[in-house]
Structures are given as structure tokens and as C-alpha cells.
Amino acid sequence: EEKEEETCSFTVPNYACQRRTQLHHHNPSLSDALTLLAENAELNEDDGRAVAFRRAAAVLKALPAEVTSVSQLKGLPCLGEHSLRVIKDVLKDGSCSEVETTKHSQRFNALKVLTGIFGVGVKTADRWIRDGIFNLQQLRESQTTLNRAQQAGLDHYEDLNQPVTRADADSITEIVQEAVSSLFPGAQVTLTGGFRRGKMTGHDVDFLLTHPEEGREEGLMDKVVSWLDSQGLLLYQKTSRNSYLESRDGPGRPSSNMDRFERCFAIFKLSRGQTSPPAGHQWRAVRVDLVVTPISQFAFALLGWTGSKLFERELRRWAGHEKAMSLSSHALFDKTQVINTLFREINMWNCSNHTRSPVSEAIPE
Ligand code: GTP
Ligand code: MN
Ligand code: MN
């Protein structure tokens, strides 16, 4: 009697942005294991490995049912040898030794705690660990010099590591809305980030600010920030200018995923009534990101700031590889059009100089 061959029971598109992914899914123990390894890779600045684990976790989150055997995963995209090994272990033993070892390692835990301080990145955390600083107490006792952001991060560590609730987000939306509409009638406030994706909690609250008339958004950030400050609502803020037009590589050619909108990293002070402060406290600190965009770039900014990080990354990869387009938080370009425009410009220049024959257009329009 022939055994029925087990075939892949699931199909999943190649890019995370092509999949429907729900908040609650069928394989949390598998995706948690892979996410922890992704996190560890990020903390050790191994971005290639981090993205590989994030992609693998995303595939598992998109599956329509619980996985019971690795054979069900045959043919699915983004599942490399390493990820499959982890999945196999978890399916067999309920855990994976690599994940458990990492989870309990001193370095992983120290990096997590230290980078959990607002303003502290992996490079700084790694330096502190080499100096023998593994936790907040050791950092506080050491004579380490902190910058303004890190000092605020350390001062409000407990609050900032408490999840922000949807109710907190709504209450901050009201505050920002009030500030914006009293200072700039007509200007718009849009809640974005994880809360726009329907998450019930987040690590911060993200907003896009714009004005329906192009150019009228100028000056908005400074005014809003001063107003919030005058109301005693800010524990910390750092505003950076829009550098989109003046940047070296010019509009539409961002050198990294970071955009060039005017933005403000802030820590809000929410009092009772606006939030539920921890027991015995009158207020709590909450991280808020404000971003100002001209209306002409608003759609791209909204798409770029809604997240998740992996979704955004996959959307850009899909645009580039499958559609020959270039997507950023500022614009969407057809790369073939850009190349043709360049050729046309070179030809015009060459012809006007009468030195060389025209360059032919490589890509037909
Ligand atoms: P939680 O805040 O943890 O709930 O998750 P989140 O998805 O809201 O993450 P976060 O607030 O870090 O970022 C929100 C979205 O904005 C993510 O998709 C990021 O990719 C994006 N984002 C964050 N910083 C930048 C930036 O400097 N430029 C651009 N273009 N996007 C950014
Ligand atoms: Mn967020
Ligand atoms: Mn944010």
C-alpha cells in the first residue's frame, strides 16, 4: 500500500506586502522564536540575518492554519535552512535550544535593556557592555556621560517601556489636534504607525501633519512644538529640519530608508484624565513622533509611516524588483522613465556640444 505523499498544504506569495496578515494568527510560538532570533541579529548588527528571520516569521504569521509538520512548509518562500531548523525544533520539543540560549544570554539581555533606553542605539549599548555596564543600575552608578535624549530616556525608562494603549493614543490625538487647529486652521492631523494598522498597543504614537494647501504646512512644526511646550506637555523634544530638497542626493533619491521630512521625536507628559498613570503617580511619559509633510507628498508619507517596518521594506523591494519602480516616503518613480529622461538630457547636452553622437535609449518608452 502506497503512503500518500505529504505535499505543501499552504501557498504564500513571495513578498510580505502581497499577503494579508492579521493581528492574531495561528503560529505564535514559531513566529516568536524566529522574531527573537531576528531581534538578536539586529542587536548584533547582522542585518542580513535579521531580515531573513523577520521574513520567515512573516510567512508563518500569514499561514491560514497551525503548522504541525515541517513537510507542510515545503515550497514556501523565505524559509531558509536556519529558520526551518528552528521551526523543526519548536514543533518537536516545544522550544529551540538556540532560542533558549539566546534568550538567557547575558549579552542579549544587556543589549535589550540598554537599547530599550530612548536615545541609545546598539553601538552605544555595545560600548557600555565592553565597559562592564549591563543594566540600568550599573549605568546610573557609572560616571558615563549621557546626551540629552539618553538622559531623558533613562529618567523615564519605566514609563517608556510600558505599552502605550489605544486610549492613550486617542487622548494624544486630541491634544495634537487641538494644538494644530488652533494654530493652523485647516491643517490636518493623521494618526499613523502601528495604531493605524489596528494594533491595540504600541511603543509610541506616530502622527503626520499636513495642510491641504501646498506650502501652508511651513512653520507648523515650530508652532505646534512651542504650544505643546508652553502647556507643559513636553518632557523632551528634538526637532530636525526637512532636508529633502537640500540633501546631497536630491529629491527622490533617498540614500537610506530614512526620509527627509521635518520631524520631532518627543516625550509627552500625560496627566491623570489624559491617561492612567502608574499607581502613586500623577502623570506618565509617552513617546510621540510628529512628522510634517507637504500635501503633495502626503500619500507617500502616509504609506511609508504606517508600517510595519518589514511591510515597508517588502513594498519597496517589490516595487523595485517586480515593477521597476522606486518607492520612498516622498514619491514613487518609474525607473525606466527616469533612465530615459537621463538619456534625453545626455543627448541634448552632447548634441549641443557637437562632440559625440547621441546615446541610444536603452529602454523603449
Ligand atoms: P510601535 O510604535 O512599536 O507600535 O510600532 P510602529 O510600527 O508604529 O513602529 P514605529 O513607530 O517605529 O514606526 C512607524 C512606521 O514609521 C514604521 O513603519 C517605520 O518603518 C516608519 N518609520 C520610522 N522612522 C522612519 C523614518 O525616519 N523614515 C521613514 N520613512 N519611516 C520611518
Ligand atoms: Mn509607532
Ligand atoms: Mn515611531
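Worth knowing before you read on, the calculation uses all heavy atoms, side chains too, and leaves out hydrogens, waters and symmetry mates. Both ligands and their constituent atoms are indexed starting at 1 by order of listing.
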Under 4.0 Å, heavy-atom basis, I'd like to know which part of [X] is in contact with ligand 1: side chain, backbone, both or neither.
X: Ala301; answer: neither
X: Lys309; answer: both
X: Asp206; answer: side chain

Checking [Y] against [X]: is there a side-chain donor and acceptor pair closer than 3.5 Å?
X: Asp159; Y: Trp283; result: no
X: Asp206; Y: Thr192; result: no
X: Gln274; Y: Ser271; result: yes
X: Thr239; Y: Gln237; result: yes
X: Gln177; Y: Ser181; result: no
X: Asp93; Y: Ser95; result: no
X: Asp229; Y: Ser226; result: no

Have a look at Asp204 and say which of its N, O or S atoms is nearest the Mn ion (ligand 3). OD2
Hey, which N, O or S atom on Asp289 ends up closest to the Mn ion (ligand 3)? OD2
State if Arg197 counts as touching ligand 1 under the rule of any non-hydrogen atom under 4.0 Å.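 Arg197 counts as a contact of ligand 1 under the 4.0 Å cut-off.
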Using a strict 4.0 Å cut-off to heavy atoms of [X], name the atoms of ligand 1 that fall inside it.
X: Gly194; answer: 6 (P), 7 (O), 8 (O)
X: Lys199; answer: 1 (P), 3 (O), 4 (O), 5 (O)
X: Ser329; answer: 30 (N)
X: Gly307; answer: 17 (C), 18 (O)
X: Asp204; answer: 2 (O), 11 (O)
X: Ser308; answer: 18 (O)

From atom 3 (O) of ligand 1, work out which of His203, Arg313, Arg316, Arg263 has a heavy atom at the shortest distance.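 The nearest heavy atom belongs to His203.
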Of the choices Trp305, Phe265, Phe195, which has the non-hydrogen atom that lies closest to atom 32 (C) of ligand 1?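 Ranked by closest heavy atom to atom 32 (C) of ligand 1, first place is Trp305.
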Would [X] count as a polar contact of ligand 1, with the cut-off being nitrogen or oxygen pairs under 3.5 Å?
X: Asp289; answer: no
X: Glu312; answer: no
X: Gly193; answer: no
X: Gly202; answer: no

If you check every N/O/S atom of Asp206, which is the one nearest the Mn ion (ligand 2)? OD2
Is it true that [X] and [Y] have a side-chain N and a carboxylate O under 4.0 angstrom from each other?
X: Lys103; Y: Glu100; result: yes
X: Asp131; Y: Arg127; result: no
X: Asp89; Y: Arg85; result: no

Spatial distance of atom CG (Leu79) from atom CG (Leu60) [nearest 0.5 Å]: 6.0 Å
Whether His330 and Phe261 hold their rings parallel, tilted or perpendicular, with breakpoints at 30° and 60°: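 Rings of His330 and Phe261: tilted, as their planes differ by 30° to 60°.
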